[in-house]
There are 2 protein chains.
Amino acid sequence: MRPKLKENVQKSVTLTPLRVACSGCNLRELCLPMKLSIADMEQVDDLISLKHAYQRGDYLYRSGAKFQALYAIRTGFFKTQVLHEDGREQVTGFQMAGEIIGMDAISSDAHACDAIALEDSEVCEIPFGRLEELSRKLPSLQRHLHRILSREIVRDQGIMLLLGSMRAEERLAVFLLNLSQRYATRGYSPTSFHLRMTRQEIGSYLGMKLETVSRTLSHFQGLGLISIRKKSVELNNLSGLQTIVGPPQQLL
Amino acid sequence: MRPKLKENVQKSVTLTPLRVACSGCNLRELCLPMKLSIADMEQVDDLISLKHAYQRGDYLYRSGAKFQALYAIRTGFFKTQVLHEDGREQVTGFQMAGEIIGMDAISSDAHACDAIALEDSEVCEIPFGRLEELSRKLPSLQRHLHRILSREIVRDQGIMLLLGSMRAEERLAVFLLNLSQRYATRGYSPTSFHLRMTRQEIGSYLGMKLETVSRTLSHFQGLGLISIRKKSVELNNLSGLQTIVGPPQQLL
DNA sequence: GTGTGCGTTTGATATAGGTCAAAATCCCTG
DNA sequence: CAGGGATTTTGACCTATATCAAACGCACAC
């Protein structure tokens, strides 16, 4: 039933004929947080035609694939990764419901990374040509698209800061706090959640080896900051994690 | 005459009343590589009103400053950096003529990083509101704006790969090859150029300490790959540098 | 010209995190 | 429910890079 990630080779897309309406979507505040008239909203609904289902391990898109659309995650969890020819890979992000992915592909009309479902997921497809067209007519949609693109740039800069100037403990604390905050935004517990990714994927994202991820998590547990058992984490002391993030503790 | 970087505190902007026309700019192929009718081009010329001059050490913008415009670098060299409250800084990029910066600010209407001139520079200002307006009328301009934003995302992903999974030698080789390629694109020698930034800034960008930058450069010189004296570099063996970039040489 | 300071180089030493290995646990498959 | 691969944990050891320190040199100021 549950496929091993590496073996899901083909892009197995289950088309759900069901039309999804943004106007009725409970993620709208995350995905399209702008005010539109009813008539304009209908045009947006028109744009986002199909909802596709992906199983754990499926590719949403592959590096090199022709760019067609942006994707809004409706449910589920994805990772994006870039591959270096010599086999090295770098996870560039983990995406959850309400987030939009695929923007790397606009610049060259081909995707620059892979996007892979880490659990069974549903995705709304946003044909980019039509999005551009509509955003020419709706300034607030245009503005929103620009914000989303820019937000991605800012996010990436934050990761550069993380990878370029933080120690392993700090990176992991930032990572946990970031997940916490994103779950909170979605109405889930900020202190208790399941990690959808492996230690190896966390490590790739944070620029460290899986053993170091595991050791550091154990260390946090030893300090009483978190409880972790396999993939379920409990953050027992958010402000304690916050204080980990900071320059090397010379005091204390 | 030549100010120390840290002391140029105020944003000293010299307004050049001269109107600059994109239509006549020799950087157009880098900055606006798209075909427009003469009439449309005039509208773009209209948009990009003023050319400002900055001296070495001047801030083009600061983190937190209100977002007004994107900036196209006409001549000169900038760095962008993000600061963590605890004083740590991360250089997020080095920008040269024909490149556009400031896109981080769109998402929140405030700049998320600092941009600082590393040499005397001239910059074209592109008021963003008017750019959005015009891009609603000119689909090819709209498309171009989207490409530029997306290109920045792809660039950042490349840096994440670099910071997250390459060794110091590889990072520095990638850095030198990237500069080489960008100078080549601008019609300068790909094998002989001046570094505008300090070892410390290179180190910040590449996630390593200045001493490691210096040692690694010396090492490359020892291998005959480059010649370096202070800030002037000569790349003697581009393909040799290429082979440095790759998984840890187990063979050889 | 001489002094001062920043940037750079180089050396000696320390350490965070990587590597290798083994055991424990989990989870899917048959 | 037994078997086997994948994932995780933990330990022992190693290395790439950081840290600390000293000396040098160039650029600018006086």
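Throughout, a chain's letter reflects where its sequence line sits, starting with A, and its residues are numbered from 1.
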TODO: Could you check whether G203(B) gets within reach of a base, just the sugar-phosphate, or nothing at all, counting any heavy atom under 4.0 Å?
DONE: nothing
Open item on the list: Just to be sure I understand the rule, does L217(B) reach a base, reach only the sugar-phosphate, or reach nothing, if contact means heavy atoms closer than 4.0 Å?
Closed with: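 No contact at all - L217(B) keeps every heavy atom at 4.0 Å or more from the nucleic acid.
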Expressed in angstrom and rounded to an integer, what is the separation of [X] atom [atom1] from [N] atom [atom2]?
X       : N       : atom1 : atom2 : answer
I244(A) : dA16(C) : CD1   : C1'   : 15 Å
R196(A) : dT7(D)  : CZ    : P     : 17 Å
R88(A)  : dG18(C) : CZ    : P     : 14 Å
E170(B) : dT17(D) : CD    : P     : 9 Å
Q221(A) : dT8(D)  : CD    : C1'   : 13 Å
I226(A) : dT8(D)  : CD1   : C1'   : 14 Å
R167(A) : dT19(D) : CZ    : C1'   : 14 Å
L210(B) : dC6(C)  : CG    : P     : 14 Å

TODO: Assess the pair F78(B) and Y71(B): is the distance between their ring centroids shorter than 6.0 Å?
DONE: no
Task: Side chain of K231(A) (C-beta onward), nearest among dT9(D), dT7(D), dG17(C) - done: dT7(D)
Task: Listed nucleotide nearest any side-chain atom of T198(A), set dT17(D), dT8(D), dT8(C) - done: dT8(D)
TODO: Not counting sequence neighbours, which residues clear side-chain contact (heavy atoms from CB on, under 4.5 Å) with T75(B)? List them please.
DONE: E122(B)
Does [N] have its OP1 or OP2 closer than 4.0 Å to a side-chain nitrogen or oxygen of [X]?
X       : N       : answer
R229(A) : dT9(D)  : no
S218(A) : dT10(D) : yes
R199(B) : dT8(C)  : yes
K209(B) : dA16(D) : no
T212(B) : dA18(D) : yes

Can you give the donor-acceptor pairs under 3.5 Å from side chains of residues 203-217 of chain A to other protein atoms, not counting sequence neighbours?
residue : atom : partner : partner atom : Å
S204(A) : OG   : E89(A)  : O            : 3.4
S204(A) : OG   : V91(A)  : N            : 2.8
T216(A) : OG1  : T212(A) : O            : 2.6

TODO: Check whether any side-chain N or O of D114(A) sits under 3.5 Å from a backbone N or O of S63(A) as a donor-acceptor pair, and report yes or no.
DONE: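 Judged by distance alone, yes, a pair lies under 3.5 Å.
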Open item on the list: When you measure from the side chain of Q181(A) to the backbone of N178(A), do you find a donor-acceptor pair of N or O atoms at a distance under 3.5 Å?
Closed with: no
Show me the donor-acceptor pairs, under 3.5 Å and distance only, between side chains in residues 187-195 of chain B and residues at least two apart or in other chains.
residue : atom : partner : partner atom : Å
S189(B) : OG   : T191(B) : N            : 3.0
S189(B) : OG   : T191(B) : OG1          : 3.2
S189(B) : OG   : S192(B) : N            : 3.1

Open item on the list: Between D156(B) and M160(A), is there a side-chain heavy-atom distance shorter than 4.5 Å?
Closed with: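 Yes, at least one pair of side-chain atoms sits under 4.5 Å.
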Task: Close side-chain approach of R62(B) to H111(B), heavy-atom, < 4.5 Å - done: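 No - every pair of side-chain heavy atoms lies 4.5 Å or more apart.
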N/O to N/O distances under 3.5 Å, protein versus nucleotides 20-24 of chain C:
residue : atom : partner : partner atom : Å
dC20(C) : N4   : E211(A) : OE2          : 3.3

TODO: Compute the bend angle of the helix from dG1(C)-dC30(D) to dG30(C)-dC1(D) from the end axes (five pairs per end), rounded to 10°.
DONE: 50°
Open item on the list: The criterion is side chain to side chain donor-acceptor pair (under 3.5 Å); which residues satisfy it with Q157(A), sequence neighbours excluded?
Closed with: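 Result, side chain to side chain donor-acceptor pair (under 3.5 Å) vs Q157(A): none returned.
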Open item on the list: Looking at R88(A) and E170(B), is there a salt bridge between them, counting it only when a charged N and a carboxylate O are closer than 4.0 Å?
Closed with: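 The answer is yes: the pair qualifies as a salt bridge.
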